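Notes for the one structure printed next.
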Amino acid sequence: MPAAAVEIVRAVHLERKWTILPARATQPQQCKLCSSDIQMLGCNYIQKGLVYSMATAAFDFQSVAELLKKSLSEALVYFYPLAGRLAPSSDGGVYIDCNDSGADFIEASAPNVSIAEIMEEKIGTAVRELFSLDGAINMHGSFLPLLAVQVTKLRDGIAVAFTVNHAVVDGTAVWHFINCWSQLCRESSSCVIALPPNHSRCFTTASPVKLNLRFPKMECLQKFTPPPFSEKIFHFSSQSISRLKEQANRGVSRDKPISSFQALSAHIWQAITRARGLHSSELTTFKLAINCRPRIVPPLPYSYFGNAIQFASSTITAGELLEGSMPWVAGLLHKIISVHQDAHIRAELQKPPTVAQLDKSSPKNTVMMGSSPRFPMYDNDFGWGRPVGARSGWANKFDGKMSAYPGREGTQSMDIEICLLPHTMSVLESDPHFLVLRG
């Protein structure tokens, strides 16, 4: 007889789902995806969330949910592409049909889950349950909402989790949207947001992009099963990052010094490669997304609403990486980032975009950094104070994927979320050279 199916007990219970429309009808239009958008069509949605502590005596979840729904409706008037759907165009491209179809808003409860549990360094299954649309591919935006928000009542607070189509926006645009939404919620839905989005969609190639994509017809998702990875948040204090930066710049003369982020990235790349136990002849790659907004001439505004990212990478043998000094390894990353200026960016834009999944398009033994410590994650006060933590879902995770977060204390500290195979994670956690520079 077949073995009985194992029932999965969820920590988070979904209660109600709403479709949130823009508070006022927006002008119907078609926003064409540019090459930087199109490259993300095969990836998962972005999943990022914030955790808030709530005073028990004053905490009325339904009032909070109603306020969030009302202010989200107002925010969608400004950020109207998020209320649309994706569609293929007759010339072989893809566009956002800005048709006011709406965004999903889900109310959920996790009465046995505390903020402390969500904020543990080792990411548990409850964190993954805070996010909706697990397994969704950006191309599914032809029938799925481009934005889904799940608000979960915890034992002592709430989690507000955002799932956003990555072919429509990049991380900079996501956090700009959340910042503006939180302002509308905090100050009143009738206020004027500080920095309206720029919908020019001008970060593109000179000639039209033609694709041969088959958009899915079935309005369903395959059951999502997370792979057997370990995921953990590593905190690096401002003091430890200063030491790393000093070490990376020691004895080396450059026109521009190694940044804190480059030094920390080099430190982690070497540590993960040691933990993987690679043979000295095996290749290892460091990959990251670069925000092109300030790097092109003239620069795109911060408020540019779309994807304005390109990927850069460096590949060497494990032996070269581990035998190299910190200044040398950090210099490799400094070089691939520094070269990413106007001429290089425009040359890349002339190439046909490649549509691929991040995990399948990355070489073996890759270490990839996503997100950014510059994103204003802790500036999102919806009216009940700053968040106490930031977390991500399971989207776009693979062995070697990392995400960078600013430290909550507002200094130069950083939190790095690392996803590795369990054995590799165990070795990394016991690496004295890696850990000594965390505190």
Side-chain angles (χ1 to χ4, degrees), residues 31-49 79-88 93-98 103-104 128 130-150 161-178 181 197 199 201 203-204 209 211 213 215-216 221 224 287-293 300 304-312 353-362 368-372 375 377 390-398 401-405 417 419:
C31 294
K32 201 142 199 181
L33 298 189
C34 70
S35 56
S36 190
D37 301 316
I38 287 169
Q39 68 180 335
M40 308 308 298
L41 282 170
C43 301
N44 296 127
Y45 278 48
I46 296 172
Q47 291 181 324
K48 289 289 183 283
F79 296 86
Y80 54 84
L82 295 179
R85 298 293 184 269
L86 295 184
V94 183
Y95 65 89
I96 308 168
D97 184 7
C98 301
D104 276 1
R128 299 167 193 163
L130 300 175
F131 298 85
S132 61
L133 301 184
D134 262 338
I137 304 300
N138 294 314
M139 248 192 299
H140 292 157
S142 59
F143 61 83
L144 288 177
L146 303 182
L147 167 67
V149 179
Q150 181 175 316
F162 318 93
T163 302
V164 195
N165 193 292
H166 207 336
V168 176
V169 290
D170 59 14
T172 299
V174 165
W175 289 107
H176 177 213
F177 159 69
I178 297 170
W181 176 19
H199 294 297
R201 292 275 161 184
F203 188 69
T204 188
V209 177
L211 303 169
L213 295 174
F215 270 71
L221 294 176
F224 178 74
K287 186 175 182 180
L288 78 163
I290 296 178
N291 177 19
C292 299
R293 287 171 178 81
L300 284 176
Y304 175 80
F305 197 69
N307 282 280
I309 56 173
Q310 290 179 348
F311 293 94
T354 300
V355 180
Q357 291 177 259
L358 289 178
D359 58 338
K360 295 181 179 178
S361 62
S362 298
M368 180 174 178
M369 183 70 82
S371 193
S372 170
F375 289 160
M377 302 179 188
R391 288 292 183 264
S392 68
W394 203 240
N396 298 310
K397 297 289 176 67
F398 56 91
K401 177 65 188 297
M402 304 185 295
S403 293
Y405 300 86
E417 177 187 83
C419 184

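Residue numbers run from 1 in the order of the sequence given. Values in this document were obtained by computation on a predicted structure and should not be read as measured data.
Residues satisfying the side-chain contact (heavy atoms from CB on, under 4.5 Å) test with Gln310, not counting sequence neighbours, are Phe203, Cys292, His340, Ile345, Glu348, Leu349. Looking at residues two or more places apart in sequence or on another chain, you find a ring pair (Phe, Tyr, Trp, His ring centres under 6.0 Å) between Phe79 and His176, Phe177, Phe305. The salt bridge (charged side-chain N to carboxylate O under 4.0 Å, His left out) test applied to Arg201 returns Asp37, not counting sequence neighbours. Residues passing the side-chain contact (heavy atoms from CB on, under 4.5 Å) test with Ala148, sequence neighbours excluded: Asp104, Ser132, Leu133, Thr163. Partners of Asp97 according to the salt bridge (charged side-chain N to carboxylate O under 4.0 Å, His left out) rule, which considers only residues two or more places apart in sequence or in another chain, do not exist here.
With contacts defined as side-chain heavy-atom distances shorter than 4.5 Å, the pair Arg293/Asp170 qualifies. For the pair Thr172/Phe375, a side-chain contact is recorded, criterion being any heavy-atom separation below 4.5 Å from C-beta on. Counting heavy atoms from C-beta on, the side chains of Ser371 and Met377 come closer than 4.5 Å. The closest side-chain heavy-atom distance from Glu417 to Ser392 is below 4.5 Å. In this structure the side chain of Ile137 reaches within 4.5 angstrom of the side chain of Asn44, judged on heavy atoms. Here the side chains of Asn165 and Leu144 are not in contact, with every heavy-atom distance at 4.5 Å or above. Using a 4.5 Å heavy-atom threshold, the side chains of Trp394 and Cys419 count as touching.
Considering CZ of Arg391 and OG of Ser403, their distance stands at 11.5 Å, rounded to 0.5 Å. Rounded to the nearest 0.5 angstrom, Asn307 CG and Ile38 CD1 are separated by 10.5 Å. Atom-to-atom distance recorded for Tyr45:OH and His140:NE2 is 8.5 Å, nearest 0.5 angstrom. Note that the SG atom of Cys98 and the CG atom of Leu82 stand 9.0 Å from one another [nearest 0.5 Å]. Note: Lys287 NZ to Met402 CE = 13.0 Å, rounded to the nearest 0.5 Å.
Among residue pairs with one or both ends in residues 140-149, none qualify as salt bridge (charged side-chain N to carboxylate O under 4.0 Å, His left out); sequence neighbours excluded.
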**OP:** Start with the C-alpha distance between Asp134 and Gln47, add both sets of side-chain angles, then the distance that settles side-chain contact (heavy atoms from CB on, under 4.5 Å), and finish with yes or no.
**Re:** CA-CA 9 Å; Asp134 262 338; Gln47 291 181 324; 3.1 Å; yes
Subject >> Derivation of the side-chain contact (heavy atoms from CB on, under 4.5 Å) call for Ile46 and Met40 >> reply: CA-CA 10 Å; Ile46 296 172; Met40 308 308 298; over 6 Å; no
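Nearest heavy atom pair, residue Asn396 against residue Cys43, reads OD1-CB, 3.5 Å. Residues Tyr304 and Cys34 approach most closely at OH-SG, 4.3 Å, considering heavy atoms. The two atoms that bring Leu146 and Arg85 nearest to each other are CD1-N, 4.0 Å, heavy atoms only. When all heavy atoms of Ala289 and Phe311 are compared, the pair lying nearest together is CB-CE2, 3.7 Å. Listed here is the closest heavy atom pair of Ala103 and Pro145: CA-CB, 4.4 Å. The nearest pair of heavy atoms linking Tyr80 to Cys31 is CE1-SG, 4.5 Å.
A donor-acceptor pair under 3.5 Å is absent between the side-chain atoms of Gln150 and the main chain of Ala161, judged by distance alone.
Aromatic ring pairs are classed by plane angle as parallel below 30°, tilted from 30° to 60° and perpendicular above 60°; the pair Trp175 and Phe162 is perpendicular.
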